[in-house]
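Taking it in order: structure first as structure tokens, then the write-up.
Atoms within each ligand, like the ligands themselves, are counted from 1 in listed order.
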Amino acid sequence: MAQAAQQTPHRVVVIGSGFGGINVTQALDGAPVEVTLIAKTTHHLFQPLLYQVATGILSEGEIAPPTRLILAKQKNAKVLLGDVEQIDTEAKTVVSRIAGSRRRPATVVTTPYDTLVVAAGADQSYFGNDHFSEFAPGMKTIDDALELRGRIVGAFELAEATSDPVEQERALTFVVVGAGPTGVEVAGQIAELASRTFKGAFKNINALDARIILLDGAPAVLPPMGKKLGLKAQQHLEKIGVDVRLDAIVVDVDQDGVTYKDKEGNLHTIATKCKVWSAGVAASPLGKQLAAQTGVELDRAGRVVVDKDLSLPGHPEIFVIGDMASVPGVPGMAQGAIQGGKHAAKMIKGDFKGAPRTPFKYLDKGSMSTISRFSAVAKVWKFEFAGFIAWALWLFIHLYYLVGFKNRVTTTLSWLVSFITPSRTQLTITHQQIQARIALLERNTILRQQAEAAAKEKDPAGNSAPAPAPEHSPPNAASS
Ligand SMILES: Cc1cc2nc3c(=O)[nH]c(=O)nc-3n(C[C@H](O)[C@H](O)[C@H](O)COP(=O)(O)OP(=O)(O)OC[C@H]3O[C@@H](n4cnc5c(N)ncnc54)[C@H](O)[C@@H]3O)c2cc1C
């Protein structure tokens, strides 16, 4: 669709500052458009390294540079902090909220668009058991990672403080649910934290007594990596002391433990204080809004089934990219979002020249997962690597994709400390890390009430669609 000459610049609104949102915005640099990137955090998050924040290797700043600074030199882009709660595809507007507390209502901003790119990613999924989230946080945000750091380090402290051996054992038992890359990486790092960093650091307990149990309902570790690499990863995890239990379907999680059903249907309960959930994802609920308004299809994970050019069927002015989009053959990985963002920008720029839309072609650059220091598995096309070579490859690629030169330098230094010495530079925990979840939950409730009240005021008879506000999660609700 060729754009008519306009007085005001063509307004592109991008929702999300993750891999998709940042890449589409940067690829529009120099284009005759005015980009407004709206995101609910002030940073661009490098999610693949969240587990290193949770386990004290990296600081949050190293993996989450401010979006505003990344885009500071881009003349046609501005950044707006806000939790998008409504997309109106008829009026072509996006409504976002910022702040909001018990005392002050949130500031609501309506941003009009000519073209919209929705890149709001995915939240943690508990497969319909959302009550598990209270006890087993996921790992999607900086809040999640810092809270997990608090819980992991806090569990060791609790074990040291108590003289009750049962409570001590419970505190020293860590359960990670989900043996995908995140679960494997977290389990491996808790094992290293116990065996290297905390070795000899406690007087009442021996950190080496920590048990790390990795559960998965599937029969293999890292299923997408194939049987051979999955087995290698499992063997290495077991070598460093992780107890891997497969065909184990988690049926309950509460304050005291985790219950799972084995292959034979027997139930097992593990008494544990610290649980980590890394078992599933569900696309941002903004997809549901798009579906309700445009009739677009959603897949089982709530992802939007887009056209070949990544736009919505019947709505060439709306693109959905990254983890929110359902595109055959494109995995929910960083490269899918990066390449999708670049493709959407190409389509937007092409529209000005009257160029026809072209299908998105995904280039599979492979996948990898670290297991512990000096050990990883990697699959690049038909080549499979395990051990040190895979780890070195992992290190290089993650440094390459980390945004910002300074972040690369400080990350390299932090890695040197934790890979060469047993020490870790980021083991500080605060009360805020552990207790802020309650404040965030309260904030969510307040925002929802405010949105409902606003909708009622607008439409007292309640004839129109209900207020769309915070059905979706504020920063930490995925793991709340
Ligand atoms: C722990 C973890 C480890 C991972 N490891 C790897 C890996 O090793 N390799 C790999 O390739 N991939 C990995 N991934 C997956 C990869 O990070 C995602 O596929 C990628 O981030 C998707 O990019 P995205 O832009 O679609 O979404 P995201 O990067 O999730 O970005 C979504 C953005 O939208 C914003 N947002 C969401 N809802 C709203 C709203 N309502 N209003 C405003 N803003 C909103 C968020 O704040 C965020 O800025 C990992 C993911 C996780 C969670």
At their closest point, which heavy atom of Val24 faces which heavy atom of Ala344, and how far apart are they?
->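 Between these two residues, the closest heavy atoms are CG2-CB, 4.1 Å.
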Just wondering, do Thr55 and Leu427 contact through their side chains at under 4.5 Å, heavy atoms?
->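 When only atoms from C-beta onward are counted, Thr55 and Leu427 do not touch, as no gap falls below 4.5 Å.
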Do His236 and Ser372 touch side chain to side chain, with heavy atoms closer than 4.5 Å?
-> yes
Do any nitrogen or oxygen atoms of Lys40 come within less than 3.5 Å of a nitrogen or oxygen of ligand 1?
-> yes
Using non-hydrogen atoms of the residue, decide whether Gly340 is closer than 4.0 angstrom to ligand 1.
->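 Contact absent.
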Residue-ligand contact Met139/ligand 1, heavy atom below 4.0 Å = yes
Residues two or more places apart in sequence or in another chain: which of them pass ring-ring contact (aromatic ring centres under 6.0 Å, His included) with Tyr51?
-> none
Between Ser278, Ser17, Pro48, which one has a non-hydrogen atom sitting closest to atom 14 (N) of ligand 1?
-> Pro48
If hydrogens are left out, which of Ala337, Ser367, Ala119, Pro331 has an atom nearest to atom 33 (C) of ligand 1, that is, the closest non-hydrogen atom?
-> Ala119
Just let me know how Ala334 lines up against ligand 1, side chain, backbone, both or neither, with a heavy-atom cut-off below 4.0 Å.
->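 Near ligand 1, Ala334 shows its backbone as well as its side chain.
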Report the part of Thr182 in contact with ligand 1, treating N, CA, C, O as backbone and CB onward as side chain, heavy atoms under 4.0 Å; options are side chain, backbone, both, neither.
-> side chain
Phe419 vs Phe374 aromatic rings, parallel, tilted or perpendicular, using cut-offs 30° and 60°?
->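 Tilted, since the angle between the ring planes falls between 30° and 60°.
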Atoms of ligand 1 close to Lys140 [distance to a heavy atom under 4.0 angstrom, numbered from 1] | 53 (C)
Do the side chain of Thr36 and the main chain of Lys78 share a donor and acceptor less than 3.5 angstrom apart?
->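 No; judged by distance alone, with no hydrogens or angles, the pair does not exist.
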